[in-house]
Amino acid sequence: MTATDARQQAPSPRQPLEQISGEALQSVLLAGARPPRPGPLSVSATFGWRAMLRIKHVPEQLFDVTAFPVLMTLMFTYLFGGALAGSVDRYVQFFLPGILVQTVVMITMYTGVALNTDITKGVFDRIKSLPIWRPSALVGALLGDVVRFTIASAIVILLGLALGFRPDGGVLGVLAGVALLLVFSFSLGWLWTLLGLVLRTPNSVMNTSMMALFPLTFASNIYVDPETMPGWLQAVVDVNPVAHLVTAIRGLMEGNGDMGDILLVLVESAVLVAVFGTLTMRRYNRRA
Amino acid sequence: MTELAIETIGLAKTFGATRAVDGVDLQVRRGRIHGFLGPNGAGKTTTIRMLATLLRPDAGSAQVFGHDVVREADEVRSRISLTGQFASLDEDLTGIENLVLLSRLLGYSRPAARNRAEELLAAFGLTDAATRQVKKYSGGMRRRIDIAASIVVTPELIFLDEPTTGLDPRSRNQVWDIVRALVAGGTTVLLTTQYLDEADQLAEQISVIDNGRVIAEGTPGELKASVGSGALLVRVQRPEQRPAARGLLERVLAVPVRDEADPAALTATVDDPGPVARALTELDRAGIGLAQFSLGQPSLDEVFLALTGHAATSSDDAEPADLQESSR
């Protein structure tokens with residue numbers, strides 16, 4: 001919003017102020033008895049609702065979620081499809097599960113950016129001074145993000161179908177793949193919440209996240225088969241959790257999901273939550 | 001039930017090499033407005049962040065209504081509320097959304113949260129602005145929604161941070177009325193301010209903090225009395241006579257006399273009004289004509305100057321500059 005907008009909407013200083021009556025004030029103060037303390041789930045859901053409200057008021061944040069995946073999918077499919085797989089059509093079968101992962105994993109970093117913005121603006125101090133379940137603000141924000149991830153996934157998959165993506169796993173295979181992706185993204189979100197708490201500005205959170213995400217997504221099996229890579233890079237891909245995720249999702253979407261691959265992703269997700277969730281909460285509780 | 005809303009003993013917090021809070025002893029009685037005065041960087045914000053469980057003290061102890069801020073943080077949180085730079089609203093959301101959000105977080109059911117939000121907006125004269133984003137509010141509206149958000153559940157203790165900085169006189173009076181209504185309802189108020197006028201108007205008890213320490217305490221009257229019974233202001237008719245007048249006043253009154261920015265004006269703080277009449281006679285006898293001569297109670301500004309050796313508005317910016325955001 002520009003300053004001009006704000007001026008037009010704010011009442012002019014000469015306009016008389018609305019009257020505040022002492023009686024009305026006294027009565028709202030008297031009515032302010034404390035209701036019973038809400039449970040962790042209810043509070044987390046309320047923070048999730050806040051994330052939805054923010055999408056309503058700041059729809060720009062959906063731009064990253066929608067435009068970025070469309071651009072990436074089109075660019076890679078048409079620019080490199082022929083060169084990498086012989087034809088656009090064959091490449092999209094291989095590439096779509098990969099670009100789906102790339103898209104959603106990339107936008108997980110906004111979780112940390114949003115958290116840091118809250119801290120910078122002082123919103124977080126109000127939240128932290130409330131008598132509520134401590135992790136609820138973070139859990140709620142991550143739940144809200146799952147909605148954004150779902151939107152992005154839907155866009156990529158619909159676009160893929162339009163480009164000729166025909167998964168053998170059918171609807172169930174695709175949905176199972178998306179579900180696994182959401183679990184992993186929610187878990188990875190805790191890494192960004194930690195960065196959001198540690199770093200000083202939303203920009204530095206963004207830059208640091210980018211630096212971590214580029215190697216994670218490019219040194220993987222998203223774009224090409226790792227067999228064409230030098231040995232040392234193949235070794236990197238072999239231990240890259242994003243590559244594991246892509247392998248598991250490709251399997252599910254192709255209709256030959258491998259339990260071992262899926263289990264590996266779930267274990268890695270659990271480790272992410274255990275390590276970065278714990279570090280985040282420790283930092284959260286003693287943040288200056 | 002303890003009589004004290006806040007009690008700290010030797011509270012301290014260090015950031016790097018800076019001792020932001022350096023052994024603060026504070027006692028705030030229940031149901032009072034307590035002024036917490038000091039320049040930027042004096043340690044006000046850090047002290048309050050510790051009292052509000054947002055920051056862990058390095059040393060000393062702090063209790064809010066008898067509950068330790070570290071060990072019983074949750075008990076403390078359920079009794080306090082923050083305003084101003086201490087705790088912001090989500091500026092992208094509308095006024096009513098912010099209030100519903102807080103009501104839900106505090107345990108109101110969905111319909112009850114809606115009712116509570118509407119009731120608060122009405123009481124604060126913000127019904128017309130309910131569906132406007134908070135970032136589009138004017139300065140006065142912003143303060144009111146800030147305070148409304150802090151009394152969704154009536155707190156036992158509210159930390160009011162510079163509630164009237166940057167407001168026009170009329171909005172300022174409105175905020176003062178709100179503060180008085182809060183106290184009438186039994187809430188304890190810790191009011192931080194740089195405006196000595198504000199503390200003078202509202203606070204029954206004042207603590208003055210500078211360089212992380214409480215350097216003076218008392219009622220506004222006591223503080224004024226502690227630095228002398230009165231402030232003497234003399235303006236000579238001819239500025240070139242000012243040095244002579246200063247010498248004479250210093251001799252008769254036996255206190256330091258200060259040159260003011262006005263080239264004809266001199267001020268002094270006098271403990272004993274007795275010699276003042278004699279000084280007036282002496283000036284007349286020396287042929288120094290006076291344009292103005294007054295003896296009044298010192299303002300809190302003068303108290304502050306006398307206590308700290310610098311003016312209340314001076315700033316060494318130890319607190320982040322972005323907290324001083326403009327109010328409109």
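Per chain, numbering begins at 1; letters A, B, ... match sequence-line order. Remember, it's a predicted structure, so these values are computed and weren't measured experimentally.
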Subject >> CG on B/D92 to CZ on A/R50, rounded to 0.5 Å >> reply: 8.5 Å

Original post:
Looking at OG of B/S88 and CD1 of A/I127, how far apart are the two atoms once the value is rounded to the nearest 0.5 Å?
Top reply: 10.0 Å

Subject >> Pairing residues for B/R180 by the salt bridge (Lys or Arg N to Asp or Glu O under 4.0 Å) criterion, not counting sequence neighbours >> reply: B/D177

Please classify the contact between [X] and chain A as side chain, backbone, both or neither, with a heavy-atom cut-off of under 4.5 Å.
X      : answer
B/D146 : both
B/T187 : neither
B/A148 : neither

Original post:
Which bit of A/A31 comes within less than 4.5 Å of chain B, counting heavy atoms only: side chain, backbone, both or neither?
Top reply: both

Subject >> Proximal component of A/V28, with respect to chain B [non-hydrogen, under 4.5 Å] >> reply: both

Within a radius of less than 6.0 Å around [atom1] of [X], do more than 12 heavy atoms belonging to other residues, nucleotides or ligands occur?
X      : atom1 : answer
B/R114 : CZ    : no
A/R37  : CZ    : yes
A/L30  : CG    : yes

**OP:** Would you indicate whether the side-chain heavy atoms of A/R54 and B/L93 approach each other to under 4.5 Å?
**Re:** yes

Original post:
When you measure from the side chain of A/R126 to the backbone N and O of B/S81, does any donor-acceptor pair fall under 3.5 Å?
Top reply: no

Original post:
Side chain of A/R34, backbone of B/S78: donor and acceptor closer than 3.5 Å?
Top reply: yes

Original post:
Looking at A/P35, A/G122, A/A33, A/P36, which has the largest count of heavy-atom pairs under 4.5 Å with chain B?
Top reply: A/P35

**OP:** Sort by residue number and list every member of residues 136-145 of chain A having a non-hydrogen atom under 4.5 Å from chain B.
**Re:** none

For [X] versus [Y], what's the shortest heavy-atom pair and its separation?
X      : Y      : answer
B/L54  : A/K128 : CD2-CB, 3.5 Å
A/L29  : B/T154 : O-OG1, 2.5 Å
B/A181 : A/L25  : CB-CD1, 4.0 Å

**OP:** Taking side-chain contact (heavy atoms from CB on, under 4.5 Å) as the test, write out the residues that go with A/L279, two or more places apart.
**Re:** A/L194, A/V275, A/F276

**OP:** Enumerate by number any residue of residues 97-110 of chain B whose heavy atoms lie under 4.5 Å from heavy atoms of chain A; in the absence of such residues, state 'none'.
**Re:** B/E97, B/V100, B/L101, B/L102, B/R104, B/L105, B/L106, B/G107, B/Y108

